[in-house]
Amino acid sequence: MTTERQHPQDRDIDRTPTYRQPSEPPWSGLELRVPNDRSRESLISFVECVLVELTHADVGAEYRSSNVWGVKLTQYIAADTVGERFKKLHYDERLGWHKQMMSRQDVRDELINRLARPASLATNQSHSHPVEEPDTFRVKPTWQLRTDRRPGEK
C-alpha cells in the first residue's frame, strides 16, 4: 500500500499519457557537405547516427557529387532489420547503376573516410572546369531515392 507520506512528489503528476508528434522526423537533420570542418570524432558520431536511422526507419543515405561528366550518386540502404548488412547502390551517368552488399563496418568506414575528405570529389578532378558545388550527403526517405532511373527523371 502506498501512502501519501511515502511518495509526496507524485501528488501533482498527471498520469494521462501524452502523445505528441514531432514536427520533423529525427533523421531530417542528418545532412553534411564535403568538405566540412567537423572533427573525426564528430564524423564518427554523425555516421553512427546515420546507421541507426537506416536500420530503424524507412530511410536511405545518399552521397551526391557532380562534375563536368555528370552526377554520381552513392546510396546506402539497410538490407536487414538488425543493421548488419547494407545495400550500396552507385550511379554514374556514364556507367549506370552498380549494386553491392556491404557489412555495417565497411559502410561505417567508407562513410567516415568519404565525409572526412578535405575537398569535394567534383573539385578534385583533373579537368579545366571543375564544378564549384560541394558534394552533399543526406538521409532521406527511401521512396525519394532514385534506384531505377536516372537522377532528374520522373
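Just so you know, these numbers use all the heavy atoms, side chains as well, and skip hydrogens, waters and symmetry mates. Numbers here are sequence positions counted from 1.
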How long is the gap from CD on Q100 to NZ on K87, to the nearest 0.5 Å? 12.5 Å
State, yes or no, whether a side-chain contact exists between V71 and S66 at a heavy-atom distance under 4.5 Å. yes
Nearest-0.5 Å distance that lies between atom CD1 in I77 and atom NZ in K88: 13.0 Å
Do R104 and E48 meet the salt-bridge criterion of a basic N to acidic O distance under 4.0 Å? yes
Going from OG1 on T74 to CG on D92, what distance comes out if it is rounded to the nearest 0.5 angstrom? 9.5 Å
Give the ring-plane orientation class for Y63 versus F137, where under 30° counts as parallel, over 60° as perpendicular and anything between as tilted. tilted
Euclidean distance, T55 OG1 relative to F86 CZ, rounded to 0.5 Å: 4.0 Å
Please report the closest heavy-atom contact between L115 and N36, naming both atoms and the distance. O-ND2, 3.0 Å
Taking everything shown except R33 itself, do over 12 heavy atoms lie less than 6.0 Å from its CZ? no
Any heavy-atom pair between the side chains of M102 and R108 that's under 4.5 Å? no
Which atom pair, heavy atoms only, marks the closest approach of P35 to P118? CB-O, 3.3 Å
Closest approach of I112 and V47, non-hydrogen atoms and distance? CG1-CG2, 3.8 Å
Test side-chain contact (heavy atoms from CB on, under 4.5 Å) on K72 and R94; report intermediate values, then the result. CA-CA 9 Å; K72 290 186 180 186; R94 298 173 295 160; 3.9 Å; yes
What pair of heavy atoms forms the shortest contact from R40 to A116, and how long is it? NH1-CB, 4.3 Å
Find the distance between CG (L111) and OH (Y76) and round it off to the nearest 0.5 Å. 5.0 Å
For L145 and L73, run side-chain contact (heavy atoms from CB on, under 4.5 Å): C-alpha distance rounded to whole Å, both residues' side-chain angles, the deciding distance at 0.1 Å, then the answer. CA-CA 10 Å; L145 297 175; L73 301 174; over 6 Å; no
Rounded at 0.5 Å granularity, tell me how far CG in L89 sits from CD in E62. 10.0 Å
Just by distance, do the side chain of D80 and the backbone of R85 share a donor-acceptor pair under 3.5 Å? yes
Could you pull out the closest heavy-atom pair between A61 and L54, with the gap in Å? N-CD2, 3.5 Å
Backbone N/O of D106 and side chain of D109: donor-acceptor pair under 3.5 Å: no
